[in-house]
Amino acid sequence: MTRAFVSGILMAAALALLSTTAYAEPEIVSGPAAEPDCFAPWAAETKFFKFPKKDGPYRIALANGFIANTWRIQMIQTAKAYAAQPDVAAKLKEFKVVSTGEDVPAQISAINNFIDSGYDAIIVNAQNPTAFGPVIKRAKEAGIVLVAFDNILDTEDAINVNVDQKGLGVLWANWLAKHLPEGGKILEVRGVAGTSVDTDRHNGIHETFAATGKKWDVVEVIGKWDDPTAQKATADAIAVHKKFDGITAQGGDTGVVQAMIDAGHPFVPFGGETENGFRKFCAKHAGEGLKCSSAGTGPAQVAVAVKTAIAALEGQVVPQSIKLPLAIVEDPNFKEGQDFYPDQSDNFFVGNAFPTCGINFTAQEIMGQTKENQ
């Protein structure tokens, strides 16, 4: 084997590597996005990506972490319902779903497995925003479109899809400050520790309280966005502290109100999420002091993440960071059949639609799907 021949092989290998890396790198372009009403940039300085167009149909995987609450279960069901819609299914060769629990290394391992298996795009609801550096790099080098939603990734090498989670905490705190102008003792029921959503909402709450200049005594408990967990945590907090002037909870809100009822705790102003059961309580007990701000984002943001991944694979322009609208209803505007549904499960998250993206689901479509891996 001659030196020239070896050099030629090495040069060819280097060119192949450069070609792969070039494929992995999206072009930074000027906006707007392909569907500007759906793919709204997070801020004025948000970059716009244009990936090389790839022929379909596509293999797309969803790497979820935590699964043990109703929001995540409904999210998995919504993802499957979206993938089953005829116009979406026609673009998919395979849609794989895996949930790995709260184990961050297990979620990273799942993403690595999807990379090794040659998937075209990977959707992730990340257990930790900063722990995925190496796997993000691998996905980029492999030319895989990586889209994070809800609990996003602290990187500009992936597409992030989310609502303003910190702004949601600000909204709840402002609601409580409006009803408790002199401050007071607040029960804060947090979500899953270490996630970006829990951290951002928590920071929004506390920064807003601090800015009022009033005295706030905030008692924090962990509810994991789950009704039974949040109900027990609330019951324990009431048993110890006896009385709160207001409550804010990131999820599991139906369980929080039930704990108040069981303990005979007076109804107080409440800033919470969008569960159907919570909104039923808010409408029923408004005259008794349960003044609610119910705001959040339905699990259908996973469908926006899948839609974004497909658009990127098709070579359409998408923002690096996409901002979704919040679903908000506040006392006294809870309307039966619009903001809450007496005949539907308490655990169903209302506002699970993004009309600007053409994403709308019936409860039947969602509940007809399973939560299991596929």
Side-chain angles (χ1 to χ4, degrees), residues 13-14 16-26 49 51-52 54-68 72-73 75-76 79-80 82-83 91-162 192-197 199 301-313 318 320-322 370-374:
L17 179 61
L18 286 172
S19 175
T20 301
T21 304
Y23 181 85
E25 291 276 1
F49 286 169
F51 286 82
K54 190 172 186 179
D55 293 334
Y58 306 114
R59 298 174 69 217
I60 296 180
L62 169 59
N64 179 49
F66 190 70
I67 187 65
R72 291 296 182 101
I73 291 169
M75 180 271 289
I76 294 293
K80 292 179 178 180
Y82 183 68
K91 298 181 178 183
L92 298 177
K93 182 178 181 180
E94 181 184 0
F95 185 65
K96 182 80 171 177
V97 177
V98 169
S99 295
T100 55
E102 295 183 68
D103 186 342
V104 174
Q107 189 176 30
I108 292 172
S109 178
I111 297 170
N112 273 317
N113 287 338
F114 290 138
I115 294 171
D116 293 338
S117 298
Y119 279 81
D120 299 302
I122 300 170
I123 317 297
V124 59
N125 193 333
Q127 281 302 113
N128 183 291
T130 60
F132 290 75
V135 79
I136 292 169
K137 184 174 183 290
R138 284 200 72 216
K140 181 178 178 180
E141 290 174 348
I144 295 170
V145 173
L146 185 62
V147 181
F149 73 100
D150 186 33
N151 289 288
I152 56 174
L153 295 167
D154 187 13
T155 180
E156 291 191 356
D157 286 329
I159 300 170
N160 284 322
V161 176
N162 207 358
V192 175
T195 59
S196 65
V197 167
T199 300
Q301 63 176 282
V302 68
V304 181
V306 176
K307 180 182 177 74
T308 303
I310 292 173
L313 289 167
V318 295
Q320 183 274 318
S321 186
I322 295 172
T370 66
K371 67 177 182 180
E372 280 72 33
N373 293 344
Q374 70 173 28

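Throughout, numbering of the chain's residues begins at 1 and tracks the sequence. Because the structure is predicted, anything quoted here is derived from the model rather than measured.
Taking the side chain as every heavy atom from C-beta outward, Gln107 and Asn128 never approach each other to under 4.5 Å. Within the 4.5 Å cutoff, the side chain of Phe149 has heavy atoms near those of the Ile123 side chain. Two residues are said to be in side-chain contact when any heavy atoms from C-beta on lie closer than 4.5 Å; Asn125 and Arg72 meet this criterion. When side chains are defined from C-beta on, Ile310 counts as touching Ile60, because their heavy atoms get closer than 4.5 Å. Put simply, the side chain of Val97 does not reach to within 4.5 Å of the side chain of Asn64, judged on heavy atoms. By the 4.5 Å heavy-atom criterion applied to side chains, Ile144 and Phe114 are not counted as neighbours. The shortest side-chain heavy-atom distance between Leu146 and Val135 does not fall under the 4.5 Å cut-off. Counting heavy atoms from C-beta on, the side chains of Pro57 and Leu92 never come closer than 4.5 Å.
Rounding to the nearest 0.5 angstrom, the gap separating the CG atom in Asp150 from the OG atom in Ser196 is 7.0 Å. Between Leu62 atom CG and Ile76 atom CD1 the span is 4.5 Å, to the nearest 0.5 Å. For the atom pair CD1 of Ile122 and CD1 of Ile136, the computed distance is 11.0 Å after rounding to the nearest 0.5 Å.
Closest approach of Phe49 to Glu156, counting heavy atoms only: CZ-O, 3.4 Å. For the pair Ala139 and Ile115, the tightest heavy-atom approach, listed with the atom from each and the gap, is N-CD1, 3.6 Å. Contact between Ala309 and Val145 at its shortest, heavy atoms only, is CA-CG1, 4.4 Å. Nearest heavy atom pair, residue Ser99 against residue Gly65, reads CB-O, 3.9 Å. Nearest heavy-atom pair, Ala312 versus Ile159, reported as atom, atom and distance to 0.1 Å: CB-CD1, 4.3 Å. Residues Lys140 and Asp157 share a closest heavy-atom pair of NZ-OD1, 3.2 Å.
Without hydrogens or angle criteria, Ser109 side chain to Pro105 main chain gives no donor-acceptor distance under 3.5 Å. No donor-acceptor distance shorter than 3.5 angstrom exists from the side chain of Thr100 to the backbone of Ala106, with no hydrogens or angles considered. Between the side chain of Glu102 and the backbone N or O of Gln127, no donor-acceptor pair lies under 3.5 Å. At least one donor-acceptor pair closer than 3.5 Å links the side chain of Asp120 to the backbone N or O of Arg59. Although no hydrogens or angles enter the test, the distance criterion places a donor-acceptor pair under 3.5 Å between the side chain of Asn151 and the main chain of Val197. A donor-acceptor pair under 3.5 Å links the side-chain atoms of Lys80 to the main chain of Thr370, judged by distance alone.
Remark: Asp116 CG is packed, more than 12 non-hydrogen atoms of other residues, nucleotides or ligands lying under 6.0 Å away.
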Task: Stepwise side-chain contact (heavy atoms from CB on, under 4.5 Å) test for Asn113 and Lys96 - done: CA-CA 12 Å; Asn113 287 338; Lys96 182 80 171 177; over 6 Å; no
